[in-house]
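Shown next, in structure tokens, is the structure this report addresses.
FYI, side chains are in, hydrogens and waters are out, and symmetry mates aren't considered; it's all heavy atoms of this structure.
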Amino acid sequence: MKANLVQNEPASLKRWAGVGVYKRLRNERAGKPRFVFHDGPPYANGSIHLGHLMNKCLKDFVVRTKSMQGLDVPYTPGWDCHGLPIEHKVMLEMQEKGKATKLATLSDDQRKVVVRRECQAYAEKYVKLHKEQMTRLLTLADYENPYLTMQPAYEGATLEVLATLLERGLVYRQLKPVHWSPANETALADAELEYEDREDPSVYVDFEAADAGAVYDAFGYTAENTESTEEEEGEDTAASDATASSAFKSKAPKPGTRPLQRPCFMIWTTTPWTLCANLAIAVNPKFEYALVWIDGNVTVLAADAVARVTAKAKSEDVVVLARATGDRLLGLRYKHPFVEGVPVFPKEAGGDPATCYKVVGADYVTLEDGTGLVHTAPGHGAEDYQTGLREKIPVYCPVKENGAYDDSVPAWLRGMNIWEANKSVVKHLRDSGHMFFDHVFTHSYPHDWRSKTPVIFRCTEQWFVDVTRGLVDFGDSNKFNRAESQVSVGGPTRVLNAGLTVKDFALRSIDEVKFVPEWGRNRMRGMLESRPDWCISRQRAWGLPIPAFFLPTGEVVMTPASARAVSRVFREQGSDAWFTKDAAELLKHYDPAKDEALTPSLRLSIASSLASLRKGNDILDVWFESGSSWYSCMKERGQAFTKADHSDAIDLYLEGSDQHRGWFQLSLLPALGVIGRPPFKTLLTHGFMVDRDGKKLSKSRPDAHRYEVDSLCTEFGMDVMRWWVSSLAYENDVKVDVELFGLAGESYRKVRNTLRFMLSNLADFSPSCDGSEGHCVPTNQFPPTSLDAWVLREFDALRDTVVRAYNAFDYQTAHKALFDFCNTTLSAEYLAAVKDRLYCDKEDSQRRRRTQTTLWDLTDGLCRLLAPIMCHTADEAFRALLKCAPDDMKSCVHLEEFPSPTGVHAHVGWNALFEAAKAAQIELERAKSRGIENPLDAGVTLPLADALRDFDTPDGRVELADLLGVSRANFDASVKSVVIQDLRDQPRCERSWKRDGTVKQRTDGGMLTDRDAAAVGVA
RNA sequence: GGGCUCGUAGCUCAGUUGGCUAGAGCGCACCCCUGAUAAGGGUGAGGUCAGCAGUUCGACUCUGCUCGGGCCCA
């Protein structure tokens, strides 16, 4: 057994490939209870990094530990292949290669097909690279048969999930503001956003009231108290100021006097470009608002915002004239600062144009920022949109896909890019006197994670999964486990048909899921509570098309049956068919005449001409694809999800804690919609890698190359890295540093050296218990007071600890127990004690063979317990133990199971003996100052406690002497504490170096103890 | 700004329902061994338990705030 992991690990890999470990395990475990673990698909790009390494090693620990408990543990690795990151990269590459211009000459479908071919090749390349790298991590998985989200069968299955959700009425299409990337011209998922600081204009804008009188009425003025024109010069107010002996003369009208000015509503925004889509101002009905005189203007502001806003603008003459609660302001109308009349809204905007430009109520209005009056553009904000729906305000979005205005805006803005428009709008507002105050404002703002450009809220027609509104209903013609769904959802404790939204359902269902660590439950609950409907459509080429068709009239057709029909085509031909086939071919398995989801008129018009249908341009959010993997991968491969008690759900998902919002949640939602239950039983999360200062790992760190998988394998060996991963408190952040790998290497070597020492002492030993063939001493013949019985009892305890820790996914505890056992129990205690008998007892003596039997059991057991973690080293040691020839393909520790307890009985006095030995050790240390530096120069006498009486035999005294490393030991009831004898004047055995009192000159002239003389056969 | 989470010796971590002088391993220092030797054994020195305040007879443990990280959001 050699140390060189760098050379030998690849040899192990080759051997395992030859053995076909994964396949053989499947065969041998067939029919055993299953443990089903489902791999979350990493994205198929880049090289795998430390984050992958920890994730994949932890997963491998699960697979191997469960497998070594005799369970059947199938494990299918997967990759997430579609999506913007690959498409983005491919587009850049095509541009660099000058293919972009050629692309532009193609039709839309042709262009997408070309791009998709490139994307597929790209994804395949990285899947292959990842497979190789993950294999190099020594992980055990069905790498020959992985799941890829771009496989035709996977694509078809994913559309079946969509079809079932359609059946449940949980999918809808609607104009709605979504995060939109103008740079990539697509809607973005929450997960595709990054928040970065950005500078924007912060503007306080005055919107003139349409009816001044109504505003003054709202603030309690009466018409009689209107300020007279003469008074405007301020004679009265000047007088009152004088009486107040103020140096400053406010020009504000005196209290109760109604000013002549037309009042304004002051709003605040950091997106001036959205002002042309402003259709309402929102106030909080509960807040107090003030009518304020500010340097000659009369403005409405939240009372609590007056000081802050006017101080910021350095206003001089600020007087609160009157106050009113927000509900008094509702319905007041205003004039848009630069849009004349009402814009011409497109049909799909809906709403009633007559509702525009008035003050509405909204409880999300706060006083932390701004003026307490919120600029509301239903086409450009989530909350604005909700308010708009309630108030029947049109959903108006004058911004095109590319971030430029359309023609519905004032002429001076038409065609302008919105970021440019920010400046123009600010200038326009200043010039027209509507700008109260503006400044540059730095805030955290969402950016497109690929292009790193800012995103906007933009209203577009998108597909949604209904999480928050429609009720889950399993009473319909569900094609998938219909009966079982009803069983599982209709029971007395789980009333799912009684008006639960998917979100409510999700919140309830996570109570049935086990979370490791437990706080994951709260975290996920919090995330679910704030979850909006799920926008599942994207406007790109590289993805799974949403099988929607449009009639020439603009009506959309996507029914459960039509989606299933397309699904069949995708299963047969892959989703490229969407771009290469026409509607009639894609719907060849579809009979609209029999589709009850269609209205009778639609049934007729579609049946008459399938060819007139236009294919939709949307693809699915990649999260929908990976979130369907419980079905598209696991159901496809035999996971049933049919038992009412959920015992056939997937046992475990294990990912980083970011997946509470990502894959875990987005797997839960479709599964609840389709099968009415979570797809998983346990969710286990790990933390993230941070640097030695606890900061986020930077990809640009100067020593980044040392953290690449290849160089880690070369520098440390994978078994060391795996040993390191097993040592981590992975549920929290994990500090990473090359130095730490070095330390893991040190402790790895300790374990390896222990195994190596034991193996080297088994060279002349055959394990068979058949007296003629092998040398085993049956363990039931072990004296309870022997070191061998003691160490096997310790090993049984270790086995329990380790297996229990493995079952709890607590690899750190297993790691620590294994290390402590090798380092302390074996290396410092047992092995140090039995060295003498291994070296000096007669080769075939009962005592030596008994110890070798023990060594064999220990080595075998340790190899098995270590196998899930250091899978190369354990297998190498295991094969060395069995004295396997290099070409032996049969023996492999990874086909074995954990050891059974040895059940050896050890004397109850061992603990007391160790206590006594500890005291002796201290005395021996003290004796060094008296010149007894080598323990073999010492003898020890221990007080004879009752618990130790059974050890007071010739054999027992030798066990004690060997444990202490001294030449002789004995017990004496008459001494109170440890006594050390100086034996330096006694003869020393030249073979065993012991001064045990039997040393004398033998017939061959050598100085030997009785034992050694017998061993070499002299008298 | 919000939700969840972490902060114990130089390093990695334990510390059970609040209760003896806060533990382990590594590393370090010193010593032994030289038949596990690019090994092995022994001994020892290291901590205002992030900070502040509170509850309590008693707080590393409970509560609040502050500081510094992480993930996910806004």
Side-chain angles (χ1 to χ4, degrees), chain A residues 1 3 179 190-191 193-195 364 366 368-369 381-383 443-446 515 517-532 655-662 664-665 685-697 724 727-737 739-750 752-761 810 812-813 815-820 822-824 826-829 831-836 838-840 918 921-922 924-929 932-938 963-965 991-993:
Chain A
M1 217 186 137
H179 285 291
D190 293 343
L193 300 176
E194 284 179 355
Y195 285 80
Y364 56 78
T366 68
E368 281 153 27
D369 299 298
E383 291 169 328
H443 59 154
S444 175
Y445 191 86
F515 284 80
E518 174 57 35
W519 50 255
R521 190 187 310 279
N522 267 341
R523 184 171 155 89
M524 193 150 165
R525 180 174 291 126
M527 289 171 172
L528 279 167
E529 277 165 355
S530 60
R531 154 107 242 157
E655 305 295 339
S657 62
D658 56 337
Q659 302 302 340
H660 280 124
R661 179 169 286 269
F664 295 163
Q665 189 186 124
T685 50
H686 58 74
F688 283 75
M689 300 287 181
V690 295
D691 66 18
R692 62 186 310 155
D693 302 319
K695 300 275 176 64
K696 193 194 296 201
L697 270 195
W724 172 73
S727 76
L728 301 172
Y730 62 77
E731 65 272 20
N732 297 325
D733 298 333
V734 170
K735 274 191 193 170
V736 174
D737 199 89
E739 202 181 308
L740 299 177
F741 304 151
L743 293 177
E746 295 286 318
S747 87
Y748 160 84
R749 269 202 295 283
K750 182 79 199 191
R752 196 198 67 222
N753 278 333
T754 304
L755 287 170
R756 207 164 54 124
F757 177 73
M758 294 197 290
L759 287 169
S760 69
N761 280 289
D810 181 1
Q812 190 182 35
T813 293
H815 171 107
K816 197 171 178 321
L818 285 163
F819 177 77
D820 287 348
C822 289
N823 190 34
T824 306
L826 293 183
S827 191
E829 295 171 348
L831 297 176
V834 299
K835 265 188 202 176
D836 172 75
L838 287 168
Y839 298 153
C840 303
K918 203 171 161 188
Q921 203 75 262
I922 290 166
L924 281 168
E925 189 66 23
R926 285 197 187 135
K928 283 184 181 172
S929 61
I932 311 172
E933 291 186 331
N934 184 340
L936 282 174
D937 292 338
L963 191 59
L964 292 168
R991 187 158 175 273
S992 66
W993 309 322

Inset, instruction - Quickly work out the F757(A) CZ to G41(B) P distance and round it to whole Å. - result: 10 Å

Legend entry - Nearest-nucleotide pick for N732(A), side chain only, options being A14(B), C6(B), A36(B): C6(B)

Legend entry - Minimum heavy-atom distance P935(A)-G965(A), with the two atoms named: CB-O, 3.3 Å

Legend entry - Rounded interatomic separation in angstrom, taking CD from Q921(A) and P from U43(B): 6 Å

Inset, instruction - Can you tell me the pairing partner of C71(B) across any strand shown, Watson-Crick or G-U wobble, with both distances under 3.5 angstrom? - result: G3(B)

Legend entry - Atom of L936(A), atom of W993(A) and distance for their closest heavy-atom approach: CD1-O, 3.7 Å

Legend entry - side chain to side chain contact (heavy atoms under 4.5 Å, CB included) between F664(A) and T685(A), worked out: CA-CA 10 Å; F664(A) 295 163; T685(A) 50; 3.4 Å; yes

Legend entry - Nearest-neighbour nucleotide for the R661(A) side chain, C72(B), U34(B), G40(B) considered: C72(B)

Inset, instruction - Would you indicate what L740(A) reaches in the nucleic acid, counting non-hydrogen atoms under 4.0 angstrom: base, sugar-phosphate, or nothing? - result: sugar-phosphate

Inset, instruction - Please work out if D733(A) contacts a base, only the sugar-phosphate, or nothing of the nucleic acid, heavy-atom cut-off 4.0 Å. - result: base

Inset, instruction - Please assess L728(A) against Q812(A) for the test side chain to side chain contact (heavy atoms under 4.5 Å, CB included), listing each intermediate value before the final yes or no. - result: CA-CA 6 Å; L728(A) 301 172; Q812(A) 190 182 35; over 6 Å; no

Inset, instruction - Let me know, please, whether P446(A) or S760(A) comes out on the 5' side of the other along RNA chain B by nearest nucleotide. - result: S760(A)

Inset, instruction - Could you list the residues that satisfy side chain to side chain contact (heavy atoms under 4.5 Å, CB included) with D658(A), not counting sequence neighbours? - result: F688(A)

Inset, instruction - Could you check how far CZ of R692(A) sits from P of G70(B), rounded to whole Å? - result: 17 Å

Inset, instruction - Could you check how far NZ of K928(A) sits from P of G44(B), rounded to whole Å? - result: 11 Å

Legend entry - Interatomic distance at P, G25(B) relative to A14(B), whole Å: 16 Å

Inset, instruction - From the options A14(B), A36(B), A39(B), select the nucleotide whose nearest atom is closest to the side chain of R749(A). - result: A39(B)

Inset, instruction - Report yes if a side-chain nitrogen or oxygen of K835(A) is closer than 4.0 Å to either non-bridging phosphate oxygen (OP1 or OP2) of A36(B); otherwise report no. - result: yes

Legend entry - Rounded distance in Å between the C1' positions of A39(B) and C62(B): 50 Å

Inset, instruction - Looking at every strand, decide which applies to E739(A) at a 4.0 Å heavy-atom threshold: base, sugar-phosphate, or nothing. - result: nothing

Inset, instruction - Take atom C1' in U43(B) and the same atom in A36(B), then report the distance between them in whole Å. - result: 22 Å

Legend entry - Closest nucleotide among G42(B), C4(B), G35(B) to the E925(A) side chain: G42(B)

Legend entry - Closest to the R523(A) side chain, choosing from G41(B), U5(B), G3(B): G3(B)

Inset, instruction - Grab the two heavy atoms, one from V690(A) and one from L697(A), that are nearest each other, plus how far apart they are. - result: C-CD2, 3.9 Å

Inset, instruction - Provide the Watson-Crick or G-U wobble partner of U43(B), both distances under 3.5 Å; none if there is no partner. - result: A29(B)

Legend entry - U56(B) versus G64(B) - spacing of their C1' atoms, nearest Å: 16 Å

Legend entry - Partner nucleotide, any strand, of A24(B) [Watson-Crick/G-U, under 3.5 Å]: U12(B)

Legend entry - d(CD, E731(A); C1', U12(B)) in whole Å: 13 Å

Inset, instruction - Select base, sugar-phosphate, or nothing to describe what Y839(A) touches, counting heavy atoms under 4.0 Å on all strands. - result: base

Inset, instruction - Looking at every strand, decide which applies to K735(A) at a 4.0 Å heavy-atom threshold: base, sugar-phosphate, or nothing. - result: sugar-phosphate

Inset, instruction - Look only at the side chain of R531(A) and the backbone of Q665(A), and say whether a donor-acceptor pair between them is shorter than 3.5 Å. - result: no

Inset, instruction - Figure out the CG/C1' separation between L528(A) and G2(B), and round it to whole Å. - result: 16 Å

Inset, instruction - Using a 4.0 Å cut-off on protein heavy atoms (strictly under), produce a 5'-to-3' string for nucleotides 23-29 of chain B with B for base contact, S for backbone-only sugar-phosphate contact, and - for none. - result: -SSSS--

Inset, instruction - Dump the intermediate steps for side chain to side chain contact (heavy atoms under 4.5 Å, CB included) on F515(A) and R523(A), then the final yes or no. - result: CA-CA 10 Å; F515(A) 284 80; R523(A) 184 171 155 89; over 6 Å; no

Inset, instruction - With syn defined as a glycosidic angle within 90° of 0 and anti as everything else, classify G42(B). - result: anti

Inset, instruction - Have a look at C840(A) and say if it touches a base, only the backbone sugar-phosphate, or nothing, with a 4.0 Å heavy-atom cut-off. - result: base

Inset, instruction - Quote, to the nearest angstrom, the C1' distance that separates C72(B) from A29(B). - result: 46 Å

Inset, instruction - Would you indicate what K918(A) reaches in the nucleic acid, counting non-hydrogen atoms under 4.0 angstrom: base, sugar-phosphate, or nothing? - result: nothing

Legend entry - Nearest-Å distance once atom C1' is located in both G27(B) and A45(B): 13 Å

Inset, instruction - Write down the distance separating the P atoms in G46(B) and G1(B), rounded off to the nearest Å. - result: 42 Å

Inset, instruction - Please work out if A828(A) contacts a base, only the sugar-phosphate, or nothing of the nucleic acid, heavy-atom cut-off 4.0 Å. - result: sugar-phosphate

Legend entry - Presence of S530(A) side-chain N/O under 4.0 Å of A74(B) phosphate oxygens OP1/OP2: no

Legend entry - Complementary nucleotide of U34(B), counting Watson-Crick and G-U pairs under 3.5 Å: none

Inset, instruction - Remember a base hit wins even if backbone is also touched, and classify R991(A) as base, sugar-phosphate or nothing at under 4.0 Å, heavy atoms. - result: base

Inset, instruction - Would you indicate, yes or no, if G41(B) has its OP1 or OP2 atom less than 4.0 angstrom from a side-chain nitrogen or oxygen of K750(A)? - result: yes

Inset, instruction - With C1' as the reference atom in both, quote the distance from U48(B) to G44(B) in angstrom, rounded to an integer. - result: 24 Å

Legend entry - Side chain D693(A), main chain K695(A), donor-acceptor under 3.5 Å: no

Inset, instruction - Confirm from the modelled atom types if S827(A) and A36(B) form a donor-acceptor pair under 3.5 Å, side chain to base only. - result: yes

Inset, instruction - Identify whether any heavy atom of N934(A) sits under 4.0 Å from a base atom; if not, whether one sits that close to sugar-phosphate; answer base, sugar-phosphate or nothing. - result: sugar-phosphate

Inset, instruction - Under the ring pair (Phe, Tyr, Trp, His ring centres under 6.0 Å) rule, collect the residues that match up with Y445(A), sequence neighbours excluded. - result: H443(A)

Inset, instruction - Once you apply the 3.5 Å cut-off to both distances, tell me the Watson-Crick or G-U wobble partner of G54(B), or none. - result: C62(B)

Inset, instruction - Write down the distance between CZ (R926(A)) and P (C30(B)), rounded to a whole number of angstrom. - result: 23 Å

Legend entry - Trace of the side chain to side chain contact (heavy atoms under 4.5 Å, CB included) decision for V736(A) with F741(A): CA-CA 8 Å; V736(A) 174; F741(A) 304 151; 3.9 Å; yes

